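Here the structure comes first, spelled out in structure tokens, and everything after it is commentary.
Side chains included, hydrogens not; waters and symmetry mates left out as well; all remaining heavy atoms used. Just so it is clear, the structure is predicted and the values come from calculations on it, not from any experiment. Just so you know, ligand 1 is whichever comes first in the structure, and atom 1 is the first atom listed for that ligand.
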Amino acid sequence: MNQRTAPNLLSVVVPCYNEEAVIEATHARLTEVLGRLGVRCEVIYADDGSRDRTADILDRIRRSDPRVRVVTLARNFGHQAAASAGLEHARGDAVVLIDADLQDPPEVIPGMLERWRAGVDVVYGQRTSREGESFFKLLTARVFYRLLTGIAERPVPVDTGDFRLMDRSVVDCLVAMPEQDRFLRGMVAWIGFRQEPLAYARAARLAGETKYPFHKMLRLAVDAFISLSRAPVRLLWWLCGGTLAAASLAAASAGLLALAGRDSHTAAVVAAVLGVGGLNLVGLTIVAEYAARIYRQVRGRPLWITRSVHGFPEAATTAADRPRRAA
Ligand code: UDP
Ligand code: MG
């Protein structure tokens, strides 16, 4: 792996929504850690249309600290959108994405930067434990990550959130991906480059309440499943096969019963119902298959991402190649 020197600039992106209860403490702890790094830093707070005093507090923090920048969204667009907005404004060679509620301890950042210097492009926090979360949240998170890993075309590492450090080349790719339903950790997993976990203990939220109520969690989960995998269409194909096989079995038994001179009426009706249902399902699945392909096409992800090129007479040999876009 290519060793790196210190970054010219380290960006830290913090999406926040109604975080008046924690934001000052977060900034204090963040700057304490960043101060010890001895690296030029910028902290970008992406205010996701907060309706409490978050905007005022951020304004005050920005006036007192020249490293602070604030991006304010016009309304609440959701965590993934706010994070994307912050990433778009980040200028660092390395960019950290971190929650505002100190559940992701800033003290992990130096370790992430060390791995980045060793040549790792994405260092993602992997939770070894989670404090202060409800049983329901722990259970749903566990099921969600296992299921996702099981069916995703590009596996998303289990027990990771959005807390991570990314190299500039990865952030450029991420910002250039135009898709609407953004599931950032899946997108980062898809991009590639060298990715490594870094274990950390997830703390309890410092103050305030979770901004991820059940319906937002569900939405994120649906975004993840739909954007990551063809699993729903594959499931439909299996259902087609199953229904048509059952219809054939019913038809065969109706035939045998008729040959044996027994009442085959019920079996024939079952065969007919299953057969018609199965054929309907085939039609639907073909439409779904087209829809999935159209979705993939309009999503407009690059066909591939180049890490570097070598040996061409005048070509650059850096890793910062912009993603190639499909025609
Ligand atoms: N957040 C956001 N917009 C939202 C919801 C959440 O920017 O609509 C931010 C929030 O301020 C926090 C991060 O996303 O920095 C994670 O949210 P939270 O801690 O409430 O989620 P949890 O940790 O409970 O899953
Ligand atoms: Mg949280």
- Task: Return each pair, listed once, that meets ring-ring contact (aromatic ring centres under 6.0 Å, His included) where at least one residue sits in residues 36-68; pairs must be two or more places apart or across chains.
- Result: His27-Tyr45
- Message: Let me confirm one number: the CD1-CG distance from Ile98 to Leu165, rounded to the nearest 0.5 Å.
- Response: 10.5 Å
- Item | Salt-bridge present (Arg4, Asp93; N to O < 4.0 Å) | no
- Query: Closest non-hydrogen protein atom to atom 13 (C) of ligand 1, residue and atom name please, with distance?
  - Reply: Asp99 OD1, 3.5 Å
- Protein residue, atom and distance nearest to atom 18 (P) of ligand 1, heavy-atom basis: Arg205 NH2, 3.4 Å
- Task: Could you tell me whether Thr210 and ligand 1 have an N or O pair separated by under 3.5 Å?
- Result: yes
- Please report which non-hydrogen protein atom sits nearest to atom 3 (N) of ligand 1, along with the residue it belongs to and the distance in Å to one decimal place. Asp48 OD2, 2.6 Å
- Message: I'd like to check Ile286 versus Trp237 (side-chain heavy atoms, cut-off strictly below 4.5 Å). Are they in contact?
- Response: yes
- Message: So, using ring-ring contact (aromatic ring centres under 6.0 Å, His included) as the criterion, who are the partners of Tyr124 when residues are at least two apart?
- Response: none
- Looking only at protein heavy atoms, which one is nearest to atom 14 (O) of ligand 1, and how far off is it? His79 CD2, 3.1 Å
- Query: Between Ala100, Pro15, Gly86, which one has a non-hydrogen atom sitting closest to atom 9 (C) of ligand 1?
  - Reply: Pro15
- Message: Check this for me, if you would: do Asp181 and Arg299 make a salt bridge, where the nitrogen-to-carboxylate-oxygen distance has to be below 4.0 angstrom?
- Response: no
- Message: Can you report which non-hydrogen protein atom sits closest to atom 20 (O) of ligand 1, along with the distance?
- Response: Lys211 N, 2.4 Å
- Going by the angle between their ring planes, with limits at 30° and 60°, are Phe163 and Tyr200 parallel, tilted or perpendicular? perpendicular
- Message: Filter on ring-ring contact (aromatic ring centres under 6.0 Å, His included), then keep only pairs touching residues 67-106, sequence neighbours left out; what's left?
- Response: His79-Tyr212
- Within a radius below 2.8 Å of the Mg ion (ligand 2), how many protein N, O or S atoms are present? 2
- Task: Look at ligand 1 and say whether Lys216 reaches it with a heavy atom at a distance under 4.0 Å.
- Result: yes
- Item | Donor on one side chain, acceptor on other, Glu42 and Ser11, under 3.5 Å | yes
- Item | For ligand 1, the portion of Asn76 having any non-hydrogen atom under 4.0 Å away | side chain
- Tell me, which protein residue and heavy-atom name are nearest atom 11 (O) of ligand 1, and how many Å apart are they? Glu19 OE2, 2.6 Å
- Task: Of all the heavy-atom pairs spanning Lys216 and Asn76, show the shortest one and how long it is.
- Result: NZ-OD1, 3.5 Å
- Minimum-distance protein heavy atom relative to atom 19 (O) of ligand 1: Asp101 OD2, 2.7 Å
- Message: Students should be able to answer this: which protein heavy-atom is nearest to atom 21 (O) of ligand 1, and at what distance?
- Response: Tyr212 CD1, 3.3 Å
- Item | Where ligand 1 meets Cys16 - atom numbers and elements under 4.0 angstrom, heavy-atom basis | 7 (O), 11 (O)
- Side chain proximity check, Val14 to Glu19, heavy atoms < 4.5 angstrom: no
- Message: Show the atoms of ligand 1 that are less than 4.0 angstrom away from any heavy atom in Gln103.
- Response: 19 (O), 22 (P), 23 (O)
- Taking only heavy atoms of Arg202, which atoms of ligand 1 are found under 4.0 Å from at least one of them? 23 (O)
- Query: Judged by modelled atom types alone, do Glu209 and Asn18 share a side-chain donor-acceptor pair under 3.5 Å?
  - Reply: no
- Message: Between the side chains of Arg60 and Asp56, is the shortest nitrogen-to-carboxylate-oxygen separation below 4.0 Å, so that they form an ion pair?
- Response: no
